[in-house]
Amino acid sequence: GNSVTQMEGPVTLSEEAFLTINCTYTATGYPSLFWYVQYPGEGLQLLLKATKADDKGSNKGFEATYRKETTSFHLEKGSVQVSDSAVYFCALSDVGGYNKLIFGAGTRLAVHP
Amino acid sequence: DAGVTQSPTHLIKTRGQQVTLRCSPKSGHDTVSWYQQALGQGPQFIFQYYEEEERQRGNFPDRFSGHQFPNYSSELNVNALLLGDSALYLCASRRQVNTGELFFGEGSRLTVL
């Protein structure tokens with residue numbers, strides 16, 4: 001079945017460091033891909049998405065490119081801030097039917113001043 | 001514009017009891033999904049409701065049931081609670097035509113003792 005694999009955390013960075021969180025997927029067909037973020041005590045918020053191969057999603061300085069050849073959707077940010085500390089979830093939208101989301105296990109990011 | 005609202009935010013039950021969780025979707029949304037997020041894990045899809053019917057179901061036992069009302073709000077019921085049902089239960093909503101763009105509530109944290 002369809003699945004998403006993320007790099008394990010926690011990821012600990014200093015402010016202004018470069019961030020990469022790896023995400024690979026297994027899916028039949030051509031799913032849409034998403035990154036969600038969960039700040040402490042809050043629900044999940046959509047960070048960015050890509051709906052087809054080679055699409056680049058971007059938001060708030062974060063970027064991810066839908067790579068069909070490597071089945072990947074890695075999240076990157078050039079310069080992280082303390083306020084980026086959160087748990088990041090990669091997800092895919094199950095193709096067909098009612099498009100349930102399949103999530104990875106999440107990667108916790110801690111950014112220190 | 002209120003987002004997705006869930007109640008209660010926290011609750012404690014004992015094994016064998018039953019629980020009902022409630023969700024009001026974001027204004028203009030007609031499709032409601034429920035996810036279970038165990039500690040340190042990504043959300044797992046339970047089921048999705050549209051037009052007051054269960055449209056898709058994840059790998060959860062029949063102890064998990066739901067309902068959608070004419071005003072699009074929804075309930076999640078869990079019978080015969082087990083310790084393993086302790087989790088954050090997330091409700092998400094979207095417009096049926098806007099596939100994949102889910103908006104999440106902050107969740108109901110259930111603890112089963």
Side-chain angles (χ1 to χ4, degrees), chain A residues 1-10 21 23-27 29-52 55 57 59 66 73 75 86-109, chain B residues 2-7 9-10 21 23-26 29-51 53-60 66 68 74 87-109:
Chain A
N2 295 348
S3 65
V4 174
T5 302
Q6 292 182 233
M7 64 185 286
E8 289 189 19
I21 300 178
C23 171
T24 57
Y25 68 90
T26 301
Y30 303 96
S32 295
L33 301 175
F34 306 83
W35 278 99
Y36 278 82
V37 58
Q38 188 173 36
Y39 298 102
E42 298 185 15
L44 277 74
Q45 301 174 25
L46 179 64
L47 182 60
L48 54 84
K49 68 176 183 179
T51 58
K52 60 184 187 296
D55 266 3
N59 186 26
Y66 190 147
F73 192 55
L75 182 68
V87 181
Y88 292 81
F89 293 93
C90 184
L92 66 82
S93 178
D94 211 18
V95 175
Y98 289 84
N99 300 96
K100 70 181 182 186
L101 287 183
I102 297 171
F103 286 87
T107 303
R108 180 175 299 278
L109 170 66
Chain B
V4 179
T5 58
Q6 293 186 241
S7 64
T9 54
H10 296 81
L21 308 178
C23 172
S24 292
K26 183 177 170 63
H29 288 187
D30 56 9
T31 302
V32 173
S33 301
W34 287 91
Y35 288 79
Q36 180 195 65
Q37 186 179 13
L39 196 62
Q41 300 297 316
Q44 300 290 317
F45 176 77
I46 303 175
F47 42 53
Q48 182 177 102
Y49 277 83
Y50 171 63
E51 292 186 330
E53 290 189 16
E54 183 183 292
R55 300 292 179 167
Q56 196 173 19
R57 188 179 183 93
N59 188 24
F60 279 81
Q68 186 180 32
S74 177
L88 181 67
Y89 288 86
L90 295 167
C91 175
S93 73
R94 64 176 172 88
R95 289 193 183 103
Q96 177 60 19
V97 295
N98 192 8
T99 57
E101 191 81 53
L102 282 181
F103 289 80
F104 283 83
E106 295 186 3
S108 294
R109 184 163 296 283

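Predicted model, so just to flag it, every value in this text is computed and none were measured.
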Enquirer: Which answer fits B:Q37, side chain, backbone, both or neither, if we ask what part of it has an atom under 4.5 Å from a heavy atom of chain A?
Expert: side chain
Enquirer: Give, as side chain, backbone, both or neither, the part of B:F47 having an atom under 4.5 angstrom from any heavy atom of chain A.
Expert: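 Contact with chain A is absent: no heavy atom of B:F47 under 4.5 Å.
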Enquirer: For the OH atom of A:Y36 and the CG atom of B:L102, what is their distance to the nearest 0.5 Å?
Expert: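 It is 4.5 Å, given to the nearest 0.5 Å.
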Enquirer: Less than 4.5 Å to any heavy atom of chain B: does that hold for the side chain of A:Q45, its backbone, both, or neither?
Expert: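 The answer is neither part of A:Q45.
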Enquirer: For the interface with chain B, which of A:Q6, A:Q38, A:E42 has the highest count of heavy-atom pairs at distances below 4.5 Å?
Expert: A:Q38
Enquirer: Would you indicate whether the side-chain heavy atoms of B:F45 and A:F103 approach each other to under 4.5 Å?
Expert: no
Enquirer: Please examine the side chains of A:F89 and B:P43, heavy atoms only from C-beta on, and report whether any two atoms are closer than 4.5 Å.
Expert: yes
Enquirer: Does any non-hydrogen side-chain atom of A:L44 lie less than 4.5 Å from one of B:Y35?
Expert: no
Enquirer: So B:Q44 and A:L101, do their side chains get closer than 4.5 Å, heavy atoms only?
Expert: no
